[in-house]
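Residue numbers start from 1 in every chain, and the chains themselves are labelled A, B, ... in the order their sequence lines are given, proteins ahead of strands.
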Protein chains: 2
Amino acid sequence: MDSINIKKLAEALNLSTSTISRAFRDNSDINGATKERILAKAKELNYQPNHYASNLREQKSKTIAVIVPELANNYFSQAIHGIERVARENGYHILIYVTDDEYKKEVTFIRHLHNGRADGIIMSVSGEANDHNYLNKFGSKRLPLVFFDRIYEDIDTPRVITNDYNSSFLATEHLIEQGCNRIAYLVVNKSLSIGKTRMQGYLDALAKHQIPFEENLVIDCSNSYEENSIIIKEALTQLKPDGVFTSVERLAFATYYACYDLEINIPKDLKVISFSSLEIAPLLNPSLTTITQPATEIGEEAAKLLFTILDNHADKNLPNEVVLVSKIIKRNSTANG
Amino acid sequence: MDSINIKKLAEALNLSTSTISRAFRDNSDINGATKERILAKAKELNYQPNHYASNLREQKSKTIAVIVPELANNYFSQAIHGIERVARENGYHILIYVTDDEYKKEVTFIRHLHNGRADGIIMSVSGEANDHNYLNKFGSKRLPLVFFDRIYEDIDTPRVITNDYNSSFLATEHLIEQGCNRIAYLVVNKSLSIGKTRMQGYLDALAKHQIPFEENLVIDCSNSYEENSIIIKEALTQLKPDGVFTSVERLAFATYYACYDLEINIPKDLKVISFSSLEIAPLLNPSLTTITQPATEIGEEAAKLLFTILDNHADKNLPNEVVLVSKIIKRNSTANG
DNA sequence: TTGTATGCGTTATCAC
DNA sequence: GTGATAACGCATACAA
């Protein structure tokens, strides 16, 4: 093995390993000149303190894990981008884990991460329908955890969310104001809190405007493209809604495709509004009215929150919940005439 | 410190640490019953072998690093998704690094990664205009490295790319066949190999069809949304092309926005074709003709290639270059009357 | 300011 | 089949 380590560097410089070590840590007493000498030689020999040895010694990894349900999704990739930026600024590295919306994977990831690999976790959850209690099994040894977007309400940990209820209320109201009175609500899994919160806004807006709620206008979709296509087409033909409010971007796209096929004109026959982080919503045919979440900012906030926790071992009274505001951007998919 | 480790587990079971360790490794001699007993107790006490200690001992991290120029981009997030999947299957974890197209960051990341944090690197490069030689400075200690999409041609390492030249040739030819003869080529940085390769296809297609090449129809764009808007609008007004071939997705979007503003009709006045991994290209107004790269597959191939290298320390004769095929999908942005 | 010695949690070698 | 022990590379308490 010809690889360089602290000992060899020490020998090469006729110094002790402790002195070498000091040259790489900031707060140690060390002669400026020797430090220079060490750093120079280190560069020459391409020496870097071994990450695993340091971390074993220091009992921390300078690494955080990010767990998301999916990756090929504007919202999550933007959020990760935000997390990455903040992490980098703080000298942290990020590990990415994708659950594909499978609860089992989430549990496996979280369990695994408690082996020291990461100092903290930022997660958008996948298993709302399942048992969240596994998170409490770690006791006091549970890694610092921050939720964003999709959360477990029954788990006590900081979270970054958006004002979903309000946005949904306003979105529904917008459709009503545009003349809709048969508004369908498309959701991926209505038992998930995020689906429920958004649905409540929908319900309350209907109530406010004295539009009776019809159970079957709540369309429970799946994660499969093909299945959704069938479900949505059937809903459009059978129920003939004049407005659609979709709780996730993907369902708006599916609605568009369905309308193309069925020759339903958006917005004339059907108005569409959706939660979406798509930057090119204006380029769609027709341009899509969106509730746009500040995805990058959500990621940044989540990361900041986590670092606050990691810095203050004595958790000062930090916010347990950060709420960011989404914006409704009206475009042609909900236009009149 | 109340945290559990191998020693405590050993005490709790009246066994030695070696036996505990064996229970967690596959190939060791150990009594079936004791193994059961250990695993059970481990679960009960929430014990997991410390990752950093193991890795320090074994001199490998079961981690690979992925370096990309940007994240909020369909292509890269899909590619990462592919990498993540394959990595997971192989029991590896992935670290993500975003360079924001800054060469300096790339160098810093790569340097840093040679501290043992990762066993290998998958990268789409950012610094084509700069000195790539830093990669050779590591000598035999350089980590296994696989390029994908954007590569350094002068660095000898395996790579996964697409048939860019051919796709560009066919894309340009498609525009010509649709009646264009003033075709602009939009590129972010034409000195980059990927820009050059794609441009060569463009040039050769023009030549084949005896269309004289006009230097100023090659529009060198930037990474800034605002700058591109100005550049493209000026190009469209001054040069009046009847076709646009964009080397990256983002420039196609910018072209759409510019045309909306300038009231140029696509495809009547201007036909547009672009490299793009956008899944909703059919939903654009008008639907966008794309050269679609198999992004996820590219990621998967890159990961597989890396794992082949990591497995065979004696590098068998593995392919140095994997070429995947892109597909041209004709849509309305290049349609005729 | 620098050096010595010890231990972080694990696994491999070698005994038994 | 199991246990004692050294070593992985580094950082710190303590000594000098």
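Pairs of residues two or more places apart, or lying in two chains, never qualify as salt bridge (Lys or Arg N to Asp or Glu O under 4.0 Å) while including a residue from residues 125-137 of chain B. Sorted by first and then second residue, the salt bridge (Lys or Arg N to Asp or Glu O under 4.0 Å) pairs involving residues 69-81 of chain B (not counting sequence neighbours) are Glu70(B)-Arg250(B). Residue pairs meeting the salt bridge (Lys or Arg N to Asp or Glu O under 4.0 Å) criterion with at least one member in residues 94-117 of chain A, sequence neighbours excluded: Asp100(A)-Lys105(A), Asp101(A)-Arg150(A), Glu102(A)-Lys105(A). Sorted pairs that involve residues 46-55 of chain A and meet salt bridge (Lys or Arg N to Asp or Glu O under 4.0 Å), not counting sequence neighbours, are lacking altogether.
Side-chain contact check for Asn74(B) versus Asn74(A): some heavy-atom pair is nearer than 4.5 Å.
Taking side-chain N and O atoms only, Gln59(A) has no distance below 4.0 Å to OP1 or OP2 of dA11(D). Considering only side-chain N and O atoms, Ser21(A) lies under 4.0 angstrom from the phosphate OP1 or OP2 of dA11(D).
With rounding to whole Å, Lys7(A) atom NZ is found 13 Å from dA5(C) atom P. For the pair Ile30(A) CD1 and dA11(D) P, the computed distance is 12 Å after rounding to whole Å. Taking atom NZ of Lys60(A) as the reference point, atom C1' of dA11(D) lies 11 Å away to the nearest angstrom. Atom CD in Glu58(B) sits about 13 Å away from atom P in dG9(D), given to the nearest Å. The CD atom of Glu11(A) sits 12 Å away from the P atom of dT4(C) (whole-angstrom rounding).
Under the rule for a ring-ring contact (aromatic ring centres under 6.0 Å, His included), the partners of His93(A) that lie at least two apart in sequence or sit in another chain are Tyr97(B), His112(B). Shown here are the side chain to side chain donor-acceptor pair (under 3.5 Å) partners of Ser77(B), two or more places apart in sequence or in another chain: there are none. Evaluation of the ring-ring contact (aromatic ring centres under 6.0 Å, His included) rule for Tyr75(A) yields no partner, not counting sequence neighbours. The ring-ring contact (aromatic ring centres under 6.0 Å, His included) test applied to His132(B) returns Tyr152(B), not counting sequence neighbours. Under the side-chain contact (heavy atoms from CB on, under 4.5 Å) criterion, Thr17(A) pairs with Ile6(A), Lys7(A), Ala10(A), sequence neighbours left out.
We find the CD1-CD1 distance between Ile96(A) and Ile83(A) to be 7.0 Å, quoted to the nearest 0.5 Å.
Mapping Thr19(B) and His51(A) onto DNA chain D by nearest heavy atom places Thr19(B) closer to the 5' end of the strand. Toward the 5' end of DNA chain D, the nearer of the two residues Ile20(B) and Ile6(A), judged by each one's closest nucleotide, is Ile20(B).
Shown for residues 42-50 of chain A: residues whose heavy atoms fall under 4.0 angstrom of DNA chain D, namely Tyr47(A), Gln48(A), Pro49(A), Asn50(A). Across residues 31-40 of chain A, Asn31(A), Thr34(A) each have a non-hydrogen atom less than 4.0 Å from an atom of DNA chain C (numbered order).
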Protein and nucleotides 4-6 of chain D: nitrogen or oxygen contacts under 3.5 angstrom:
residue, atom, partner, partner atom, Å
dA4(D), N7, Ser18(B), OG, 3.2
dA4(D), N6, Ser18(B), OG, 2.9

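Counting any heavy atom pair closer than 4.0 Å across all strands shown, Leu15(A) reaches sugar-phosphate atoms only and no base atom.
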